[in-house]
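Working notes, beginning with the structure itself.
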Amino acid sequence: DTTQVKVKVGSLAPIPVTTILESNSDFTVVYTALPNGVISSAGNQNITVSIYGPSESRAGTFRIYVKPVPVPTLSSIFPVKGLSSEQTAVRVFVKHMDPVTATATTTATIRAPNGVLTAAVTVSNVPQQVTCKDIYCDLHQFDLILPTNPDGALFGGVATIT
């Protein structure tokens with residue numbers, strides 16, 4: 001009975017487990033899905049699992065380490081250069097973006113070498129791992145259409161996309 005097994009994270013109130021995977025007189029294996037935000041910071045976390053039986057109750061405390069949330073990282077970009085006199089299609093892959101933030105990101109800007117804001121960039125965002133709901137496995141593809149350089153075709157150099 002899942003109502004007799006509860007999981008307590010830190011100082012939060014205990015919650016019932018989602019499923020009892022296996023149980024016998026020696027051990028019980030449980031699964032629970034914690035609500036988002038229950039573990040909100042990196043570092044050591046205490047988790048207590050309690051079993052409330054008709055004749056006796058048992059509990060065990062475990063310490064887990066929660067890894068810090070990784071920062072978004074550029075995975076790849078292609079092509080890495082183009083002519084400033086032509087529109088250029090660029091495909092960018094970014095790892096470790098928060099799925100909510102990534103899907104909300106719809107615009108980007110480009111700055112020419114002289115620092116002048118040139119134009120808005122058209123962005124389409126395609127999540128690459130549909131089953132991933134976690135920042136650790138998240139990979140997003142951004143297709144950008146970079147406009148021609150309004151500073152002129154003769155003004156080449158490195159541009160920054162933000």
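Given the structure is predicted, the values throughout are model-derived calculations rather than measurements. Scope of the values below: all heavy atoms of this structure, side chains included, with no hydrogens, waters or symmetry mates.
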Any link between [X] and [Y] through a network of hydrophobic side chains (Ile, Leu, Val, Met, Phe, Trp, Tyr) touching at under 4.5 Å?
{"X": "V5", "Y": "F62", "answer": "yes"}
{"X": "V49", "Y": "Y52", "answer": "no"}
{"X": "F78", "Y": "V90", "answer": "no"}

Q: List the atom of P79, the atom of A89, and the distance in Å for their closest heavy-atom pair.
A: CD-O, 3.2 Å
Q.
Side chains of N44 and I64, heavy atoms from C-beta outward: is any pair under 4.5 Å?
A. no
Q | Whether over 12 other heavy atoms sit under 6.0 Å from Y65 OH | A | yes
Q) Within the distance-only criterion (no hydrogens, no angle test), does the side chain of T73 pair as donor or acceptor with the backbone N or O of V71 below 3.5 angstrom? A) yes
Q) Atom CZ in R58, atom OG1 in T28: separation rounded to 0.5 Å? A) 6.0 Å
Q. Atom OG in S57, atom CD in Q4: separation rounded to 0.5 Å?
A. 9.0 Å
I'd like a table of donor-acceptor pairs (distance under 3.5 Å, sequence neighbours excluded) in which one partner is a side-chain atom from residues 6-22, with atom names and distances.
unit_1	atom_1	unit_2	atom_2	d
K8	NZ	G10	O	2.8
T18	OG1	A33	N	3.1

